[in-house]
Amino acid sequence: MRIPIMRAAACIAVTTLLAVLSGCGKSDGPGKSTVNLASMKRSNLSGAKAVFRTGGAVTKADDGIVGVPILYKVGLNDQATAVIFTDDQGETIPAVTDRVIDLSDKYAAMCVCASEKEREYGPFFYFVIRKSDGKLFTTDLSMDNFREALSYLFPEGMHVSDQQGNVYFRAGTGLCKIHESGGQTTFTPFITTSLGQYWYMNGNGDVVTYPYWYKADGTVIPAHETLVDGQSAPFALDGIPGSFFQIEYTGTPTVPAWSLAQYTAGASEVTRTVVHAFAYSTSASVITAAGRGVTTAWTVTPEQSYACVISGSASGVEVDYYPIPTECPMAKISQIGSDAAVSKDYLYAYDSDGSKISRFNPQTGEHIENYCVLSGYVWAHVLKACKDETLLVVASKAGKELLVEIGTDRQPVELSLYYNGMPITLYQRLD
């Protein structure tokens, strides 16, 4: 996607860019809203590819507010339209949007307050946006003494979604599910007991966390001791949705070896089966992309790196090795958000100096080492790989941080951080 309204060259200070990327809201504090934000029920956000907000930036010069904050959506026609919130009677509800995050194909979430002044201490209100029609949903579900369970969705990245677009997120000490029920977006406590620090979900909706395996039907059984020992992270495969998998070191001090273990829940216990012995030294950090597990493997003599793809089907587990250059970004991936990003079909890897981004197809093994070369940038970080394979990147150039969009033509375009003469103080892709 290209957004013509935002393509002019622009640069802003580091502190302002961080506000653009993560929102400026602070923790709940004392305050009383002058607007009944709880009455917000609808918006015109259906069909939005992205949202951005202008105004509301605090300047260093006079510590004042720059303009009236306005939230816009970028629609299917790449045109910007002001976002309007209404109640069930169609009356417009004034609200200042503090943060917006993408949750899944079905949902996004936002944090709002009644005025720019209230962004300092609140009160804040949290809504889930149903993308199909722009309707807004909230809940009075309260966990762990938080006024709103939905506040646990922020910051971004504290949730997972399943193949149906349902969203699961930690709420207090438990887990909450966002899904459709009777035509309404519903919030259901999924796990009410205490979760461990880390939790993982498979395609069946089972959750494993120390020290239990929570089945989607509500049954709870002890997890296998080696599945929750913290040495590596479990992952799931679309082709075998009822299991978890884990790369484990099974060698000795003199003979190194790595194996792939499959964990499956029975009626009362979890069984562990070694389903593959890796041919090379293998990283235990696995990134899930296109329903497969992707990691790296290597040999020292001769020096060679591989992209290792783990896939599952009714026939079992298959592991494929694809040779890749040792010094390319793909050979050094560790985790999403650190040096990799995933879309529906591809995994993108990028190096720390921002010189290039690689693209890997887990379904075919195709690897484009120099998918995009970012000449002149000191470093780059891929924020998001969108459905249309557009990449949203934050990069540094000539001492300035910029938002850069890379389309399928592989050409970086610096996005303008101004619209109608006003600074853009929030930007979020929703596709």
Side-chain angles (χ1 to χ4, degrees), residues 21 157 198 200 230-237 245-249 251 256-260 276 278-311 319-386 389-397 401 404 406 410 412:
L21 302 181
Y198 303 103
Y200 308 90
Q231 294 187 27
S232 59
F235 62 95
L237 301 174
F245 296 84
Q246 192 166 256
I247 295 177
E248 300 171 355
Y249 185 80
W258 288 261
S259 298
L260 178 66
H276 181 78
F278 290 98
Y280 312 108
S281 298
T282 305
S283 170
S285 297
V286 178
I287 293 175
T288 301
R292 295 159 171 81
V294 182
T295 187
T296 54
W298 63 91
T299 58
V300 177
T301 307
E303 185 178 10
Q304 178 64 60
S305 295
Y306 300 89
C308 177
V309 178
I310 306 164
S311 55
V319 179
D320 296 297
Y321 301 89
Y322 300 96
I324 54 177
T326 300
E327 296 303 317
C328 77
M330 184 63 202
K332 306 171 186 177
I333 58 170
S334 60
Q335 63 182 4
I336 296 174
S338 173
D339 48 26
V342 296
S343 65
K344 179 181 178 182
D345 296 317
Y346 298 100
L347 186 154
Y348 296 88
Y350 47 95
D351 54 19
S352 59
D353 64 8
S355 61
K356 63 184 177 183
I357 298 172
S358 297
R359 190 181 80 174
F360 180 73
N361 186 339
Q363 301 170 83
T364 64
E366 178 195 33
H367 176 234
I368 303 176
E369 180 180 358
N370 297 306
Y371 178 76
C372 181
V373 178
L374 297 170
S375 301
Y377 293 91
V378 177
W379 59 266
H381 178 86
V382 179
L383 293 174
K384 186 174 183 178
C386 304
E389 302 307 333
T390 295
L391 302 181
L392 185 63
V393 177
V394 57
S396 176
K397 184 178 184 180
E401 289 190 1
V404 179
I406 302 170
R410 308 188 196 179

Value for CG (Asp339) from CE (Met330), rounded to nearest 0.5 Å, stands at 10.0 Å
For Ser283 and Ile247 the tightest heavy-atom approach is O-CD1, 3.4 Å
Ile406 and Leu374, any side-chain heavy atoms less than 4.5 Å apart = yes
Requested in this report: Decide side chain to side chain contact (heavy atoms under 4.5 Å, CB included) for Glu248 and Ser259; before the verdict, give the C-alpha distance in whole Å, the side-chain angles of both, and the deciding distance to 0.1 Å.
Outcome: CA-CA 5 Å; Glu248 300 171 355; Ser259 298; 5.5 Å; no
Closest heavy-atom pair, Thr299 versus Pro302, reported as atoms and distance to 0.1 Å, is OG1-O, 2.6 Å
On the 0 to 90° scale, with breaks at 30° and 60°, tag the Tyr306-Tyr280 ring pair as parallel, tilted or perpendicular.
parallel
Fill in: Any Cys308 side-chain heavy atom under 4.5 Å of Val319 side chain
yes
query = How are the rings of His276 and Phe278 set to each other: parallel, tilted or perpendicular (split at 30° and 60°)?
reply = perpendicular
Exercise. Run the side chain to side chain contact (heavy atoms under 4.5 Å, CB included) check on Val342 and Thr288 step by step: do they pass?
Worked result: CA-CA 8 Å; Val342 296; Thr288 301; over 6 Å; no
(message) Pair Lys344, Glu389 - check salt bridge (charged side-chain N to carboxylate O under 4.0 Å, His left out), show working.
(response) CA-CA 8 Å; Lys344 179 181 178 182; Glu389 302 307 333; over 6 Å; no
Result for side chain to side chain contact (heavy atoms under 4.5 Å, CB included) between Leu391 and one of Leu383, Ile357, Val404 points to Ile357
- [ ] Side-chain contact test, heavy atoms from C-beta onward, threshold under 4.5 Å: evaluate it for Gln246 versus Pro234 and give yes or no.
- [x] yes
(Q) Could you check whether any side-chain N or O of Gln304 sits under 3.5 Å from a backbone N or O of Ile324, counting only pairs where one atom can act as donor and the other as acceptor? (A) yes
Between the OG atom in Ser232 and the CH2 atom in Trp258, the distance rounded to the nearest 0.5 Å is 12.5 Å
Heavy-atom closest pair (Phe235 atom, Leu237 atom, distance to 0.1 Å) is CE1-CD2, 3.8 Å
Between Ala349 and Ile333, the two heavy atoms sitting closest are CB-CG2, 3.5 Å
Heavy atoms of Tyr350 and Val382 approach each other most closely as CD2-CG2, 3.3 Å
In this structure, CD of Glu303 is separated from CD of Glu327 (nearest 0.5 Å) by 6.5 Å
Hey, does the side chain of Thr295 reach the backbone of Ser285 with a donor-acceptor pair shorter than 3.5 angstrom?
-> yes
The reported gap from OH in Tyr348 to OG in Ser358 (rounded to nearest 0.5 angstrom) is 11.5 Å
Rounded to the nearest 0.5 Å, the OG atom of Ser305 sits from the NZ atom of Lys332 at a distance of 9.0 Å
Review point. With distance as the sole test, does Asp320 use its side chain to make a donor-acceptor pair with the main-chain N or O of Val309 at under 3.5 Å?
Key: no
Closest non-hydrogen contact found for Thr326 with Ala331 is O-CB, 3.4 Å
Would one find more than 12 heavy atoms of other residues, nucleotides or ligands at under 6.0 Å from atom OH of Tyr249? yes
dist Phe360:CZ -> His367:NE2 (nearest 0.5 Å) comes out at 8.0 Å
